[in-house]
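This chain uses plain numbering: 1 for the first residue, then up along the sequence. Just so you know, ligand 1 is whichever comes first in the structure, and atom 1 is the first atom listed for that ligand.
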Amino acid sequence: MTHLSADLAQQKRKLRERLRFRRKHFAANLDGMAQLAAFRALPAPLTELLADHSVVGAYVAWGDEPDILPMFADLAVAGALALPHHTARIDRMDFRRWRTGETLTKGPWSTQQPADDATAVAPDVIFCPLVGFDRQGGRIGQGGGHYDRYFAAHPSALRIGVGWSVQEIDATPRESTDMALDAILTEQEFILCGDRL
Ligand SMILES: Nc1nc2c(c(=O)[nH]1)N(C=O)[C@@H](CNc1ccc(C(=O)N[C@@H](CCC(=O)O)C(=O)O)cc1)CN2
Ligand SMILES: Nc1ncnc2c1ncn2[C@@H]1O[C@H](COP(=O)(O)OP(=O)(O)OP(=O)(O)O)[C@@H](O)[C@H]1O
């Protein structure tokens, strides 16, 4: 690792800590009604976008992340939803089809995932959880590089980050391996970044 990338990695670690703290307090202080309403309905531009895509990648909320599965209930019944899956505690991640009612189990990275025998699929649009983001599409994740590696291997899939509005910062430190988001969905806004959407 060069000095520059070591420095960037260190900046990201510090930001991650601050942003997790912010997220935790924001989520803890959301009132009941706001909690019920947040991320329950897709904004109109997203409904149109998803109608054109065959497999949508989502995630099972972990800790204070927004719970987005209710928003995709129809897709999950129709067999058009996929969730991240790890076969071991390694860098590699793929997506497996998941239908309403099928089991979810605790994976090697502590997150809930489809069973090991679920079918691997490649979503053409991916909703990914954020620890932090900026309006230019910069993202800070869990720090495992799982999504970055997946995005690098599947560059044509649209990348939509999901987070609470308080997770926004002016500019995220960018490493050469960071893949920019095409859009960001918060409880307040749908933000377009770049020119793919
Ligand atoms: N909901 C959700 N699913 C996701 C991710 C995510 O950020 N959120 N991922 C994003 O890349 C991938 C999993 N990557 C992860 C990378 C590191 C850790 C992690 O540090 N886990 C600690 C658990 C600590 C605890 O239990 O509090 C560990 O396993 O030691 C978790 C997930 C795929 N699925
Ligand atoms: N395409 C890639 N190939 C090899 N290494 C990568 C790739 N993408 C990211 N990495 C490495 O993975 C590590 C974690 O990356 P980063 O800090 O960007 O994670 P993150 O985006 O926060 O995590 P995640 O993608 O899991 O949400 C870094 O050391 C980074 O250099």
Side-chain angles (χ1 to χ4, degrees), residues 1-24 27-28 38-39 56-72 76 81-98 103-116 118 120-123 126-134 136-164 167-169 171-182 184-186 193:
M1 201 187 263
T2 64
H3 284 305
L4 186 66
S5 57
D7 190 46
L8 274 176
Q10 167 74 359
Q11 278 182 41
K12 276 195 180 176
R13 268 198 298 275
K14 282 199 175 149
L15 269 171
R16 217 172 258 127
E17 224 170 280
R18 275 182 40 211
L19 287 162
R20 282 199 179 118
F21 182 82
R22 233 193 244 182
R23 179 172 71 177
K24 183 173 162 192
F39 298 99
V56 172
Y59 62 84
V60 188
W62 186 53
D64 305 308
E65 293 169 347
D67 176 14
I68 58 170
L69 285 186
M71 215 162 56
F72 298 120
L81 197 73
L83 298 170
H85 180 274
H86 302 263
T87 48
R89 202 174 162 87
I90 50 171
D91 294 340
R92 205 185 124 71
M93 159 180 115
D94 68 3
F95 280 81
R96 304 284 172 102
R97 201 183 288 280
W98 180 80
T103 41
L104 288 168
T105 55
K106 187 172 173 176
W109 290 96
S110 307
T111 48
Q112 293 285 112
Q113 63 178 31
D116 289 343
V121 280
I126 297 172
F127 288 80
C128 72
L130 302 168
V131 174
F133 67 91
D134 65 42
Q136 295 72 49
R139 92 174 240 288
I140 295 183
Q142 221 57 260
H146 291 131
Y147 277 101
D148 281 327
R149 285 188 184 82
Y150 190 87
F151 291 156
H154 302 84
S156 62
L158 290 170
R159 306 182 280 272
I160 303 181
V162 181
W164 301 105
Q167 294 169 244
E168 179 177 349
I169 55 175
T172 60
R174 296 247 191 146
E175 290 180 82
S176 56
T177 47
D178 286 336
M179 302 278 288
L181 296 167
D182 296 297
I184 296 150
L185 180 66
T186 76
C193 326

Interfacing atoms of ligand 2 (cut-off 4.0 Å, heavy-atom, D178): 18 (O)
Atom CD of Q136 with >12 non-hydrogen neighbours under 6.0 angstrom: yes
Residues D64 and R22 bridged, charged N to O under 4.0 Å: no
Under 4.0 Å from ligand 1 - residues by heavy atom, chain and number: Y59, V60, W62, E65, P84, H86, R89, M93, W109, S110, T111, P129, Q142, H146, Y147
Numbered atoms of ligand 2 (with element) below 4.0 Å of A152, judged on heavy atoms: 1 (N)
Check: R149 side chain, G145 main-chain N or O, donor-acceptor pair, under 3.5 Å: yes
F133 six-ring face occupied by R139 cation (under 6.0 Å, within 45°): no
Pairing residues for A38 by the side-chain contact (heavy atoms from CB on, under 4.5 Å) criterion, not counting sequence neighbours: W164, E187
Shortest heavy-atom approach to atom 15 (O) of ligand 2 - which of G145, G141, S176: G145
Residue R139 vicinity, atoms of ligand 2 by number, heavy atom under 4.0 Å: 21 (O), 24 (P), 25 (O), 27 (O)
Atoms of ligand 2, numbered as shown, that sit under 4.0 Å from any heavy atom of K12: 16 (P), 17 (O), 18 (O)
For E175, atoms of ligand 2 separated by under 4.0 Å from a heavy atom: 17 (O), 18 (O), 31 (O)
Atoms of ligand 2, numbered as shown, that sit under 4.0 Å from any heavy atom of Y147: 24 (P), 25 (O), 26 (O), 27 (O)
Identified side-chain contact (heavy atoms from CB on, under 4.5 Å) counterpart of R20 within the set E17, R18, R16: R16
Region of D91 that comes within reach of ligand 2 [heavy atoms, distance under 4.0 Å]: neither
D94 and H86 side chains, donor-acceptor separation under 3.5 Å: no
Between D148 and T177: side-chain donor-acceptor atoms closer than 3.5 Å: no
With H85, the side chain to side chain donor-acceptor pair (under 3.5 Å) member among D116, T105, T111: D116
H146 side chain vs I90 backbone, donor-acceptor pair below 3.5 Å: yes
Heavy-atom proximity to atom 11 (C) of ligand 2, best of M179, H146, R149, R13: R149
Heavy-atom gap R16 to ligand 2 smaller than 4.0 Å: yes
Check: V131 main-chain N/O paired with Q167 side-chain donor or acceptor under 3.5 Å: yes
Proximity flag M93 to ligand 2, non-hydrogen atoms under 4.0 Å: no
